[in-house]
Amino acid sequence: MTTTLRRDLALLLALASAAVLGATGVSCSSSSVGGSSATQGTGGAGASGSGGSAGAGGEGGTFIGSGPNPDGPFVDFPAGPQLDMGAPAEAPALFQGMPGEPQGGPCLSEPPVDALVPTNWTPLRFEWIAPAGHNVFELRLKVDNQVNELLVYTSATSYTIPAEIWSGLAGHSAGRDIKMTVRSGQIDGGQLVAGPLVGTEGVVHVAPVAAPGSIVYWTTGAPGSGKTALKGFSIGDTQLTTVLSPEIMGGDTTCVACHASSPDGALTFFTRDATLGTRTVTARKVDGTAGLPTEAQVSSVALGLLGRQKQSAPTLSEKRYTAQDAVAITVMIDPAFTANKNELVWTDLHTLDPVTGSGILPRIGDTHAPASPTFWHDGTTIAYTTATTSGEGVVTGITDADTTMDIYTVPFNARQGGNATPLPGASDPGFLEFYPVISPGDTLLAFNRFAPYKFDGVNWADSYDEPMAEVFVVPAKGGEPVRVAANDPPACVNRPSPGITNSWPRWAPSAEAFQGKKYYWLTFSSKRRDLNNPQLFVSGVVTKVQPDGTEVIEKTYPALYVTSQVPEENNHTPAWDVFQIEPPQ
């Protein structure tokens, strides 16, 4: 992307939590803890999310198309037809001379009709499902402030707008719609022998704002490879950076997972597995060196407390990460410290006393096992999953006797905790709710849910790699849950939801305000692609700001495929934050 398009990204590069383990059942070494129910995979570590680590959310943000002449006209689209991927030279004349049949043509699978595209997105890629026998395709794009249409003929079933064209378009046409039409036909011997047939017609929306930060996710590599790593990219990048791996960590490290950002972006707090089967939390720099934090950042005593066995799922808050008051929340089980129960545990990151430097956060009224905590940005509240059984800090399950799996909140209250209460809209007894994450500004909470069922007729499905999971959003103080449009791929993909493992939503680190609305971005993983492996997607959630300053969800949008990831790899548990990672070389 150009410097102009990336100016909305005057944020540090980003990272955050990841790793509820892979779709193939590949696991970092460890057994489940705390009486975890049987899972459909082999268990494994998960990510806590970084609720609070990205600050309280942004205001403003440059509207790139708001220059001296935002209405244009502009000439970012070239004049005349463009031939791509071996399309025959006669294609434009053959197609333009034939209006064709009004239906039966290619079905656009990417981007979905009605998707919202950040201005700093990678060059927009179009993919479609072709009618049998058709070998030439026409893609027509039109924007109201562009002089020309982009008219492309190609023999492939995909087309990516060239970077220089996309750069200009996203800058000049931010906040506008791209009208799309796809047609197809069969050309043989220089003649059009079938078609053209009109396929998908619709619009995608270029947002008036960018999407900030970077996404880092946990991957198990290609199926069967076991090549686990944390990989990341800044929004708009076309290549990846390997952020952490057992090789980068060195020593006896076998797996890095369950990670969250420090609010200043300098460190990652993550779960580390070792050859002896230990599972602990530690902190390291994210500049490629995996160096230890300074004593001023995290004391050696605090690292020792985080390094106790059976600890995972770290989360931090901006307001609880200062020189005077710095705290990490984890999930821990220990025979002595937690009476062999999973508990939310706080650790004073500046402590010099191993006896008083950590403690259990009381959850009065909740006797179930906690998992997957997310810390409010303002440091006041923690949301978490409460369930009958819990393991690995994030894997939660139910039993015949107790089908509880809900999202609760508890006050931080200067490490004293308090009454734990179910969050209205995310604690419905008819559903299993899990993986909460708080939005910038502490306004919205995203989570997963599905209706309970027994996957084999005997054992209840749990939160691990759950095919029926879908993404919902609810006001942070509770309310009516909203099922986001991102759950549903285009109908022609023939992979309806539920059933495609829409899992582990995570918010971008800030929400940009424009003309009375706020633009939030969500990322999650889903198995909706042809290879049926988990891949990453991004979608928009737009709120309308009321006169009293409150926000109401105005619209949610279908999800965009992240083209910078490796399509053959199993990519899970994305996280979106503000980490000081190195850009791809």
Side-chain angles (χ1 to χ4, degrees), residues 20 22-24 40-41 103-116 125-132 157-158 180 182 199-205 223 405 426 428 430-435 446-457 460-474 480-506 522-541 553 555-563 565 567 570-574:
V20 94
T24 59
Q40 293 162 263
Q103 59 186 5
C107 178
L108 192 70
S109 58
E110 182 64 32
V113 170
D114 202 36
L116 184 68
R125 185 164 88 190
F126 296 81
E127 300 175 359
W128 50 84
I129 298 172
T157 55
S158 65
M180 313 173 296
V182 186
T200 297
E201 297 181 285
V203 302
V204 295
H205 314 283
M405 189 187 296
D428 190 321
F431 296 97
L432 307 185
E433 295 109 338
F434 53 102
Y435 296 162
F447 63 99
N448 274 141
R449 87 173 195 188
F450 69 97
Y453 73 99
K454 293 185 176 181
F455 63 90
D456 59 1
W460 290 103
D462 60 25
S463 64
Y464 173 76
D465 192 34
E466 175 46 51
M468 305 303 285
E470 294 193 308
V471 178
F472 284 74
V473 174
V474 70
E480 187 67 25
V482 174
R483 179 184 181 273
V484 299
N487 287 296
D488 298 314
C492 62
V493 174
N494 197 28
R495 291 179 180 270
S497 182
I500 54 175
T501 320
N502 292 319
S503 187
W504 203 268
R506 287 295 178 266
L522 273 175
T523 184
F524 62 99
S525 62
S526 180
K527 296 179 185 176
R528 64 184 64 185
R529 303 280 290 182
D530 287 343
L531 295 179
N532 198 36
N533 59 327
Q535 293 274 282
L536 305 184
F537 294 82
V538 166
S539 66
V541 174
I553 294 177
K555 186 172 181 178
T556 69
Y557 290 84
L560 298 164
Y561 177 63
V562 175
T563 58
Q565 67 193 305
N570 294 323
N571 303 330
H572 313 260
T573 58

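Bear in mind that the values here come from a model prediction, so they are computed numbers and not experimental data.
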*Would you sort out whether Val473 and Leu522 count as a side-chain contact (heavy atoms from CB on, under 4.5 Å), showing the intermediate values?*
CA-CA 10 Å; Val473 174; Leu522 273 175; 4.1 Å; yes

Within-4.5 Å side-chain heavy-atom neighbours: [X] and [Y]:
X: Leu560; Y: Glu110; value: yes
X: Asn448; Y: Pro505; value: yes
X: Phe126; Y: Pro111; value: yes

Kindly give the heavy-atom pair with the smallest separation between [X] and [Y], and that separation in Å.
X: Tyr557; Y: Asp114; result: CD2-O, 3.1 Å
X: Phe524; Y: Ser539; result: CE2-OG, 4.3 Å
X: Pro558; Y: Val113; result: CG-O, 3.6 Å
X: Pro112; Y: Ala559; result: CG-O, 3.2 Å

Rounded to the nearest 0.5 Å, how far does [atom2] of [Y] lie from [atom1] of [X]?
X: Met405; Y: Arg449; atom1: CE; atom2: CZ; value: 14.0 Å
X: Glu466; Y: Thr501; atom1: CD; atom2: OG1; value: 7.0 Å
X: His572; Y: Lys527; atom1: NE2; atom2: NZ; value: 8.0 Å
X: Phe447; Y: Phe434; atom1: CZ; atom2: CZ; value: 10.0 Å
X: Cys492; Y: Trp128; atom1: SG; atom2: CH2; value: 12.5 Å
X: Met180; Y: Leu108; atom1: CE; atom2: CG; value: 5.0 Å

Is the backbone of [Y] close enough, under 3.5 Å, to the side chain of [X] for a donor and an acceptor to pair up by distance?
X: Thr556; Y: Ala485; answer: yes
X: Thr523; Y: Phe537; answer: yes
X: Asn570; Y: Asn533; answer: no

*Does the pair Val482 and Val474 meet the rule for a side-chain contact (heavy atoms from CB on, under 4.5 Å), with working shown?*
CA-CA 6 Å; Val482 174; Val474 70; over 6 Å; no

*asked:* Heavy-atom count check: over 12 atoms from other residues, nucleotides or ligands less than 6.0 Å from Asp456 CG?
replied: yes

*Please test Glu433 against Asp428 for side-chain contact (heavy atoms from CB on, under 4.5 Å), starting from the C-alpha separation and ending with a verdict.*
CA-CA 8 Å; Glu433 295 109 338; Asp428 190 321; 3.3 Å; yes

*Show your working on salt bridge (Lys or Arg N to Asp or Glu O under 4.0 Å) between Arg483 and Glu470 and close with a plain yes or no.*
CA-CA 8 Å; Arg483 179 184 181 273; Glu470 294 193 308; 2.7 Å; yes

*Under 3.5 Å, is there a donor-acceptor pair between the Asn502 and Ser526 side chains?*
yes

*asked:* Please evaluate residues Asn571 and Ser525 with respect to the criterion side-chain contact (heavy atoms from CB on, under 4.5 Å), reporting the C-alpha separation (whole Å), side-chain torsions for both, the decisive distance (0.1 Å), and the verdict.
replied: CA-CA 7 Å; Asn571 303 330; Ser525 62; over 6 Å; no

*Among Glu127, Gln535, Arg528, which residue meets the side chain to side chain donor-acceptor pair (under 3.5 Å) test with Tyr561?*
Gln535

